[in-house]
Amino acid sequence: MNETDPYELLGVRRRINAAGALTRLGGAVMAPEVVAAMAAASRASVDIGELQDAASRRIAEATGAEAGLVTTGAAAALTLAAAAAIARWDIAKMAALPHAGAFPHDILIPRTQRTGYAHALAASGARLVDIGHNDRGTGAGVRGLEAWEIETAITPSVVAMAFSVNAGSIVDLPAAIATCRANGIPLIVDAAAQLPPKENLRRFIDMGVDLVAFSGGKALGGPQASGILAGRRDLVASALLQQLDMDVAPDTWTPPRLVDRANLRGVPHHGIGRGFKAGKEEIVGLLVALERFVKADDAAANAVLQSRLEAIAASLSGFDVKLLPATQTGRVPVLEIAVADALAVSAALQKGNPPVHLSERHAARGVLTLDPQVLLPEHDAPLAAALRETLQSTVA
Ligand SMILES: *Cc1c(COP(=O)(O)O)cnc(C)c1O
């Protein structure tokens, strides 16, 4: 037994992850520079508000937004975004959340944008109001979200609109932005997993959305429990206030620079986000990961991933394996493995020794996806061997 291996000491198995930076598998595998920065950050005391001010400047540079905040994940960013849209600068509303019945708290959400992560918006105390239809998603028809459907749903109780963007839904985003802007309603965009490409860091802000959430523990390569909320300065400041520890003496409290105290009628108590506090280690780790992500040569990294996938595919001759280059996926190259019963093969791989994970996102059409985003190079050979063995035994 290796006495310095924390997982071995706990009796927890290491897994071969060819499914992507999934939260349930621990998210990203961090680069040594990120780990080193987090270790250095851990051995000091700093003012977390001052650290978030510095983070805001870095995130603003990377995204083009007015301001930014390090959160404990994209889901936490969505809860804080919703809380900011409801409370703005009103500390009595901050104190009341998640009980928002006494003031406006509706968030519009198109039926095309409904995901399991909508719960994160509702956790703020917001009421989610479904609008529009899902004709394209269900195959029932050709129409997407239309401006009049948003306009007619906007009432005095609406505080924001939510949108979960991806390559398919982005066609509906410009109309949503224009309509929200014309009506003074902030638009909150969930772009948690829309990286790479790195251009998406700026894309939604450039288009005019008010707030955007990204995961830090997926492709960004930051700590698993980190994320970004970027956007309008007043909304980010409200989110920050509702996340910070507020056990402060009003007479000695120095607010972060993002927060203009003149906007506050007093000093808020612990807010709805106090349970999602970002630690100094996560904040520093996320910022170092963000800088690396912005500077990385994606074309070179994808070429390396593609040659690794070609080698794995070559060892699977005889099976139905197709390589999709990054130019086709819009992110990293992947292998698609067509099998008769995708979920049975996936289950067998997960029960193997070592356990192997492929992405099940296209299992419904008989495809397992080998996503190399966080696959360690030393896992290529054992992964290929496990795939060969399992495919042979399940096909035979
Ligand atoms: C992963 C994901 C989230 C949650 O992100 P965390 O950083 O794990 O909190 C939210 N929305 C979408 C679309 C996601 O893919």
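When a ligand or atom number is given, it counts from 1 through the structure's own listing order. Positions are given from 1 along the sequence.
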Can you give the donor-acceptor pairs under 3.5 Å from side chains of residues 256-268 to other protein atoms, not counting sequence neighbours?
from, atom 1, to, atom 2, distance (Å)
Asp260, OD1, Ala262, N, 3.0
Arg261, NH1, Trp253, O, 3.2
Arg261, NH2, Pro250, O, 3.0

Would you say the side chain of Val34 lies within less than 4.5 Å of the side chain of Arg292, judging by non-hydrogen atoms?
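When only atoms from C-beta onward are counted, Val34 and Arg292 do touch, with a gap below 4.5 Å.
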Protein residues near ligand 1, heavy-atom distance below 4.0 Å?
Thr23, Gly73, Ala74, Ala75, Tyr117, Asp190, Ala192, Ala193, Ser215, Lys218
Could you tabulate the donor-acceptor pairs under 3.5 Å formed by side-chain atoms of residues 119-128, not counting sequence neighbours?
from, atom 1, to, atom 2, distance (Å)
Ser124, OG, Leu121, O, 2.7
Ser124, OG, Ala126, N, 3.1
Arg127, NE, Asp106, OD1, 3.0
Arg127, NH2, Asp106, OD2, 3.1

Show me the donor-acceptor pairs, under 3.5 Å and distance only, between side chains in residues 167-175 and residues at least two apart or in other chains.
from, atom 1, to, atom 2, distance (Å)
Ser169, OG, Ser164, O, 3.2
Ser169, OG, Asn166, N, 2.9
Ser169, OG, Asn166, OD1, 3.4
Asp172, OD2, Arg136, NH1, 3.4
Asp172, OD2, Leu145, N, 3.3

Would Leu78 and Leu229 count as a side chain to side chain contact (heavy atoms under 4.5 Å, CB included) if you check the C-alpha gap in whole Å, the side-chain angles of each, and the deciding distance to 0.1 Å?
CA-CA 8 Å; Leu78 293 175; Leu229 180 66; over 6 Å; no
Could you walk me through whether Gln52 and Ser56 pass side-chain hydrogen bond (donor to acceptor under 3.5 Å, both in side chains), step by step?
CA-CA 6 Å; Gln52 286 282 18; Ser56 177; over 6 Å; no
